[in-house]
Amino acid sequence: MNPLGVLQGMLTLIAATFLGVLVANILISLGYIEKVGFLLVPVMRAAGLPKQLSFPAVVGIIDGRAEHSIVSSYMRQSRIGEAEVLAYNLVTTPLAVIFYLYRYYLPICIASLGLIVGGIYVLLSFISSLVAFTLGVIYGRLKVRSKDMLAEGYSERLKERRFRDCLRIAVSTTIYITKRYIVITIVLLVLDNIGIFSQMKLLLKAARIPVSPQGLAIVTTQVASPTAGVLMAGELLKSSSITTKEALIALILGRFLFLISQDYPRASFPFYASMYPVSTATKLVLFSALATFISTPLCILLVNILL
C-alpha cells in the first residue's frame, strides 16, 4: 500500500464526510431532503425505509464515501437502526453500478471487449445488483420498523441554533469516522506487510478452476486486477484465442474470486468498519457476499443459455 495514497484517501474521506453530513443535516432541517432525492423515494418505500434515505442514495452515485458518512451520521443520531443500514446498502447496489458505469464499464469494458460482449458483461453486472436489491427489499420488509425522520421547523429564530447543531454533528461524525479509519488502515497495512493478501492470491492460482487455459489466465489475472483481466479477455477475443462464452464465464468467475478474496476483506470491510460498528460492518459484507454467491451461478447459467 502506498503511504501517500493512504494519506490522500484519508484527506478525501475527511472532506467528503464533513461536507456530506453538514449538507444532509441542513437539508433535513429545511425539510428539503425528499425534494432532492424524490426519484429514489419509491426505492426506499419498496424496502420500507424512511424516504429521507433517498438523499444519500443520490449522493452515492457521485461519491460513496460521502454517502455512507451521511447514513452513518443518521445511525449515530439514532434516526435509523442497523436494520435500515443493511436494507439500504442492498437496495442501493444498482446505483453503485451506475457509478461504475461511467468510471469503469464504458471506458474499459466496452472499449476492450467490444459493444456486444462488453454490453452483455455490463448487463450481467446489473443482474448481480438486482439480486442484492431483491434481498434488500425482502430484508427491509421483514426487519425495518422505523418511521420517516421528522424535520424540525427552520424559522429565522431557530436558524442560527439549527446551523450550529448541524455543524456540531458534522464535526463529531468526521472525528468519529477519521479515528476509526486510521485504526482500520493500520491493521490493513500490517496484514498487507505480512503477506496475507498475497498468500490468498497464490492459493487461488493453485486452485483447480474448470475453465480453458485461456480462461484460467483471465481468471487469475482478474483476481489480481479486474481491469487487467478485462483487458486480457479483450485481447484474447480479438485474436480468436477464446470464445465469447468462455471469456464471459471466465470474467464472471474472476470477478467472484476477486470480490471474495480481495475486495470484501481488503476494501469493503475496512471501509464499512470505519463508518459503522464492527458488527454492522461484518453483516454488510456478509449480505454482499450472499448476493454474490447467489448471482454468480445465475449469471453463468444465463451465459450458457444465451450463447
Side-chain angles (χ1 to χ4, degrees), residues 20-21 23-99 125-153 166 169 173 177 264 268-269 271-273 275-295 298:
V21 174
V23 171
N25 279 280
I26 289 175
L27 289 174
I28 289 178
S29 299
L30 290 169
Y32 290 159
I33 196 130
E34 61 268 25
K35 296 179 182 179
V36 176
F38 72 97
L39 290 175
L40 296 178
V41 170
V43 176
M44 301 301 115
R45 292 302 193 201
L49 293 169
K51 62 184 179 181
Q52 287 83 358
L53 283 175
S54 60
F55 174 68
V58 172
V59 173
I61 299 175
I62 303 170
D63 190 300
R65 290 161 297 195
E67 172 195 13
H68 284 281
S69 297
I70 295 168
V71 177
S72 174
S73 74
Y74 292 165
M75 188 179 186
R76 292 186 69 237
Q77 298 170 61
S78 299
R79 293 174 181 264
I80 59 174
E82 184 180 74
E84 286 85 348
V85 173
L86 296 176
Y88 170 85
N89 190 69
L90 288 168
V91 298
T92 55
T93 302
L95 299 178
V97 177
I98 295 175
F99 172 76
S125 298
F126 270 109
I127 289 173
S128 298
S129 69
L130 289 177
V131 171
F133 174 83
T134 303
L135 290 175
V137 170
I138 295 171
Y139 183 84
R141 288 293 181 180
L142 292 174
K143 294 293 185 178
V144 172
R145 296 289 181 269
S146 67
K147 298 179 180 179
D148 286 333
M149 295 179 281
L150 298 177
E152 296 183 22
C166 293
I169 293 169
T173 301
I177 289 175
Y264 291 152
S268 296
F269 178 75
F271 174 76
Y272 289 141
M275 298 285 177
Y276 308 103
V278 174
S279 60
T280 303
T282 302
K283 292 174 185 176
L284 284 168
V285 173
L286 289 176
F287 269 111
S288 297
L290 175 62
T292 300
F293 274 104
I294 294 173
S295 63
L298 177 61

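The residues of the chain are indexed from 1 along the displayed sequence.
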N/O donor-acceptor pair under 3.5 Å between Glu84 side chain and Ile80 backbone: no
Heavy-atom check, side chain of Leu135 versus side chain of Val91, under 4.5 Å: no
Residue among Met75, Gln77, Arg76 satisfying side chain to side chain contact (heavy atoms under 4.5 Å, CB included) with Ser73: Gln77
Contact summary for Ser279 and Glu82, nearest pair of heavy atoms: OG-OE2, 4.0 Å
Min side-chain heavy-atom separation Phe269-Val278 under 4.5 Å: yes
Trace of the side-chain hydrogen bond (donor to acceptor under 3.5 Å, both in side chains) decision for Thr282 with Tyr272: CA-CA 8 Å; Thr282 302; Tyr272 289 141; over 6 Å; no
Nearest non-hydrogen partners of Thr93 and Ala132, listed with the distance: OG1-CB, 3.6 Å
Main-chain N/O of Val285 paired to Ser268 side chain as donor or acceptor, under 3.5 Å: no
Val137 to Ala46 - nearest heavy-atom pair and separation: CG1-O, 3.4 Å
Backbone N/O of Ser288 and side chain of Thr292: donor-acceptor pair under 3.5 Å: yes
Worked check of side chain to side chain contact (heavy atoms under 4.5 Å, CB included) between Leu95 and Leu40: CA-CA 10 Å; Leu95 299 178; Leu40 296 178; 3.8 Å; yes
N/O donor-acceptor pair under 3.5 Å between Tyr88 side chain and Gly140 backbone: no
Distance in Å, Leu286 CG paired with Phe293 CZ, rounded so as to fall on 0.5 Å steps: 10.0 Å
Under 3.5 Å donor-acceptor, Ser129 side chain and Phe126 backbone: yes
Separation between CD1 of Ile294 and CG of Leu290, rounded to the nearest 0.5 Å: 4.0 Å
Stepwise side chain to side chain contact (heavy atoms under 4.5 Å, CB included) check, His68 with Asn89: CA-CA 9 Å; His68 284 281; Asn89 190 69; 3.4 Å; yes
Closest heavy-atom pair and its distance - Ala87, Val144: CB-CG2, 4.2 Å
Closest approach of Leu86 to Thr280 (non-hydrogen atoms, all atoms of both residues): CD2-O, 4.1 Å
Reported NZ-to-CD1 distance for the pair Lys143 and Ile138, which is rounded to 0.5 angstrom: 13.5 Å
Full working for side chain to side chain contact (heavy atoms under 4.5 Å, CB included) between Thr92 and Met44: CA-CA 9 Å; Thr92 55; Met44 301 301 115; 4.0 Å; yes
Under 3.5 Å donor-acceptor, Arg79 side chain and Val71 backbone: no
Smallest separation among heavy atoms of Ser54 and Val41, with atom names: OG-CG2, 3.8 Å
